[in-house]
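Heads up, the thing below is written out as structure tokens.
Only this structure's heavy atoms are used, side chains among them; waters, hydrogens and symmetry mates stay out.
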Amino acid sequence: QVQLIESGGGLVQAGGSLRLSCAASGRTFSNYAMGWFRQAPGKEREFVAAISWSGSTYYADSVKGRFTISRDNAKNTVYLQMNSLKPEDTAVYHCAAGSRERMGSRWYFAKALPSWYDYWGQGTQVTVSS
């Protein structure tokens, strides 16, 4: 089991920045790919960004150039730095963990698919006002 706890959400004006954190516990963090997904009211869960066990990163086109995902294996934490926020970024942001054992070489197509992630946090609300 892996427990994930997100923090750092809040209310920010358009153009502002937030940094989300996701603290993991329970298994060897470095063996997991980590992803950030978001869900706005009435919409499906949407991929935002992912980072593999080796540090490779991948972003949705909608956030590329504005968001940065990173990880600190010593602190068992993954971060999402969000800059130049837009009202359309408003959503509940969830972090997720997917095992290297399961994803392996399938990382290249699995990284943006929720079904490949085994553990999920409860989410943190991000609201961007115009």
Side-chain angles (χ1 to χ4, degrees):
Q1 285 286 341
V2 175
Q3 292 79 42
L4 302 172
I5 300 176
E6 301 97 335
S7 61
L11 174 64
V12 64
Q13 288 189 332
S17 298
L18 283 173
R19 188 175 83 152
L20 305 184
S21 299
C22 174
S25 62
R27 292 280 180 94
T28 305
F29 179 72
S30 59
N31 287 341
Y32 284 81
M34 300 299 296
W36 285 98
F37 293 78
R38 65 187 181 188
Q39 188 164 18
K43 295 188 177 181
E44 293 189 355
R45 188 165 293 188
E46 175 188 29
F47 169 76
V48 176
I51 186 166
S52 73
W53 42 86
S54 63
S56 298
T57 58
Y58 180 68
Y59 299 92
D61 287 344
S62 58
V63 307
K64 202 172 294 183
R66 299 188 298 123
F67 291 11
T68 302
I69 189 171
S70 61
R71 65 190 298 159
D72 185 337
N73 289 342
K75 295 183 178 180
N76 287 359
T77 301
V78 62
Y79 304 97
L80 185 68
Q81 178 66 44
M82 305 186 295
N83 299 329
S84 302
L85 282 162
K86 305 175 181 179
E88 52 263 44
D89 294 319
T90 295
V92 176
Y93 283 70
H94 299 268
C95 70
S99 70
R100 178 178 185 174
E101 180 180 20
R102 184 173 176 229
M103 279 191 177
S105 59
R106 292 180 284 271
W107 156 261
Y108 294 99
F109 69 83
K111 55 188 176 291
L113 301 177
S115 60
W116 283 91
Y117 290 82
D118 303 304
Y119 303 100
W120 292 81
Q122 291 298 309
T124 185
Q125 176 70 47
V126 171
T127 302
V128 184
S129 63
S130 57

A cation-pi test, strictly: NZ or CZ of [X] under 6.0 Å from the centre of the six-membered ring of [Y] and no more than 45 degrees from its axis. Yes or no?
X: Arg19; Y: Tyr79; value: yes
X: Arg45; Y: Trp120; value: yes
X: Arg102; Y: Trp116; value: yes
X: Lys111; Y: Tyr58; value: yes

inquiry  = Any salt bridge linking Asp61 with Lys64? Criterion: basic side-chain nitrogen under 4.0 Å from a carboxylate oxygen.
reply    = yes
When you look at [atom1] of [X], are more than 12 heavy atoms from neighbouring residues, nucleotides or ligands closer to it than 6.0 Å?
X: Arg66; atom1: CZ; value: yes
X: Leu113; atom1: CG; value: yes
X: Tyr108; atom1: OH; value: no

task = Applying side chain to side chain contact (heavy atoms under 4.5 Å, CB included), run through Glu6 and His94 and close with a yes or a no.
result = CA-CA 7 Å; Glu6 301 97 335; His94 299 268; 4.0 Å; yes
Nearest-0.5 Å distance that lies between atom [atom1] in [X] and atom [atom2] in [Y]:
X: Ser84; Y: Asp89; atom1: OG; atom2: CG; value: 9.5 Å
X: Gln122; Y: Gln3; atom1: CD; atom2: CD; value: 11.5 Å
X: Cys22; Y: Phe29; atom1: SG; atom2: CZ; value: 7.0 Å
X: Cys95; Y: Ile5; atom1: SG; atom2: CD1; value: 9.5 Å
X: Leu11; Y: Leu18; atom1: CG; atom2: CG; value: 9.0 Å
X: Asn31; Y: Glu101; atom1: CG; atom2: CD; value: 9.0 Å

inquiry  = Does Tyr117 form a ring-ring contact (aromatic ring centres under 6.0 Å, His included) with Phe37? I'd like the steps, not just the answer.
reply    = CA-CA 11 Å; Tyr117 290 82; Phe37 293 78; 5.3 Å; yes
ask   = Leu80 and Val48: side chain to side chain contact (heavy atoms under 4.5 Å, CB included), yes or no, with the steps?
value = CA-CA 9 Å; Leu80 185 68; Val48 176; 4.1 Å; yes
message = Go through it in stages, so that I can follow the logic: the residues are Ser54 and Ser52, the test is side chain to side chain donor-acceptor pair (under 3.5 Å), and I'd like the CA-CA distance, side-chain angles, deciding distance and then a yes or no.
response = CA-CA 5 Å; Ser54 63; Ser52 73; 3.0 Å; yes
Between [X] and [Y], is there shared hydrophobic-cluster membership here, with clusters defined by ILVMFWY side-chain heavy atoms closer than 4.5 Å?
X: Val78; Y: Phe47; answer: no
X: Trp36; Y: Tyr119; answer: yes
X: Val126; Y: Tyr59; answer: yes

task = Return yes if a side-chain donor-acceptor contact under 3.5 Å exists between Asn83 and Ser17, otherwise no.
result =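 Judged by distance alone, the side chains do pair up.
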inquiry  = Using 30° and 60° as the class boundaries, would you call the ring planes of Tyr93 and Phe67 parallel, tilted or perpendicular?
reply    = tilted
Should [X] and [Y] count as side-chain neighbours, where that means a heavy-atom distance under 4.5 Å?
X: Val92; Y: Arg38; result: no
X: Leu4; Y: Met34; result: yes
X: Ser99; Y: Asp118; result: yes
X: Val128; Y: Lys86; result: no

Side chain to side chain contact (heavy atoms under 4.5 Å, CB included) between Trp53 and Met103, worked out = CA-CA 10 Å; Trp53 42 86; Met103 279 191 177; 3.8 Å; yes
query = Does Thr127 offer a backbone N or O that forms a donor-acceptor pair with the side chain of Thr90 under 3.5 Å?
reply =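 Flag not set: sc Thr90 to bb Thr127 has no pair under 3.5 Å.
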message = I need the minimum non-hydrogen distance between Asn73 and Ser30, along with the two atoms involved.
response =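 That would be ND2-CB, 3.7 Å.
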